[in-house]
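Reviewing the structure listed below.
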Amino acid sequence: MSLAINTIVAIPNNKTVAIQDIAIGDKVETYNYSTQSGLSKGNPLIVKMSDGTGNTPISQNMINISFGNSSSLICSPDQKILTENGKLKTAKHFMPNDNIFLADGSTTKIVMVVMGTYQEGIHKISTSLNPTTSLQHGNLFCANGIIVADYALNLGEPDNDELRGLNPE
């Protein structure tokens, strides 16, 4: 449920920052999803949890998801990402040609999914301190251009090896 350091996160005023540079009390752009409205930009919310290894390298399995025009996201296998049908799916279950949401509300196809040993720092953030299953309370954010779950939303539902639709209404 973490992202590689130097993952770019959207913050207010059309700016971005590397995930490891986000501190508790900083604001991030958030997103909501409902079956009626689809993906919508929420209000910027205060980060209540920000934790990682910093630049200290670790060695663990990570997934590199390539999508769109030469873009990619490196994340832990259990990181949840919003799919085109409004469901969260763990990174380890993605396949080429699956569609995921971009921050502008459009979707893009996954081109390649590769698991390998990653030896850099990792980081995670959350806009709430309690696990949640709601897709409408600002627990989705933009990482390298795609919509991902924050740590609280990742914790909200256990991964049981199937696609999850977490309270999209």
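It should be emphasised that the depicted structure is a prediction, and the values quoted were computed from it without experimental measurement.
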Short side-chain to backbone donor-acceptor contact, E84 and T108, under 3.5 Å: no
Partner set under side-chain contact (heavy atoms from CB on, under 4.5 Å) for E120, not counting sequence neighbours: Y118
Taking atom OG of S128 and atom CE of M49, what is their separation to the nearest 0.5 Å? 9.0 Å
Okay, side chain of S34, backbone of S37: is any donor-acceptor separation there less than 3.5 Å? yes
Checking I46 now: which residues fulfil side-chain contact (heavy atoms from CB on, under 4.5 Å) with it, not counting sequence neighbours? K27
First locate atom OG1 of T117, then atom CD1 of I58, and finally report the distance between them rounded to the nearest 0.5 Å. 10.0 Å
Is there a side-chain contact between P12 and E29 (heavy atoms, below 4.5 Å)? yes
T53 side chain vs I122 backbone, donor-acceptor pair below 3.5 Å: yes
May I have the step-by-step check of side-chain contact (heavy atoms from CB on, under 4.5 Å) for F101 and Y31, ending in yes or no? CA-CA 11 Å; F101 269 108; Y31 295 81; over 6 Å; no
Using a side-chain heavy atom cutoff under 4.5 Å and only I, L, V, M, F, W and Y, what cluster partners does F67 have? L3, V9, I11, V17, I19, I22, V28, V47, I63, I65, L73, I81, F94, I100, L102, I110, V113, M115, I125, F141, I146, V148
Nearest 0.5 Å, please: how far is OH in Y151 from CD in Q79? 11.0 Å
Does T30 use its side chain to pair, donor to acceptor, with the backbone of N139 at less than 3.5 Å? no
Taking M1's backbone N and O only, do any of them form a donor-acceptor pair with N154's side chain (distance below 3.5 Å, no angle check)? no
Cluster overlap L155 with L129, hydrophobic side-chain contacts below 4.5 Å: yes
Just how far is it from atom SG of C142 to atom CG of D104, taken to the nearest 0.5 Å? 9.5 Å
Heavy atoms only: give me the nearest P57-Q119 pair and the separation to one decimal. CB-O, 3.6 Å
Salt bridge present between D150 and K124 (N-O < 4.0 angstrom): no
With rounding to the nearest 0.5 Å, note down the distance linking OG1 in T107 to CG in D98. 11.5 Å
Side chains of K48 and I24, heavy atoms from C-beta outward: is any pair under 4.5 Å? no
S2 vs Q60, test: side-chain contact (heavy atoms from CB on, under 4.5 Å). Steps then yes/no. CA-CA 11 Å; S2 55; Q60 76 174 41; 4.3 Å; yes
Which heavy atom in D78 sits nearest to a heavy atom in S76, and how many Å separate them? OD1-OG, 2.7 Å
Tell me if a side-chain donor or acceptor on N144 pairs with a main-chain N or O of S72 at a distance below 3.5 Å. yes
Nearest heavy-atom pair of L39 and G105: which atoms, and what distance? CD2-CA, 3.9 Å
How far does NZ of K80 sit from CG of L140, to the nearest 0.5 angstrom? 12.0 Å
Heavy-atom closest pair (I74 atom, M62 atom, distance to 0.1 Å) is CG2-CB, 4.0 Å
Which pair of heavy atoms, one from L135 and one from L153, lies closest together, and at what distance? CD2-CD2, 3.8 Å
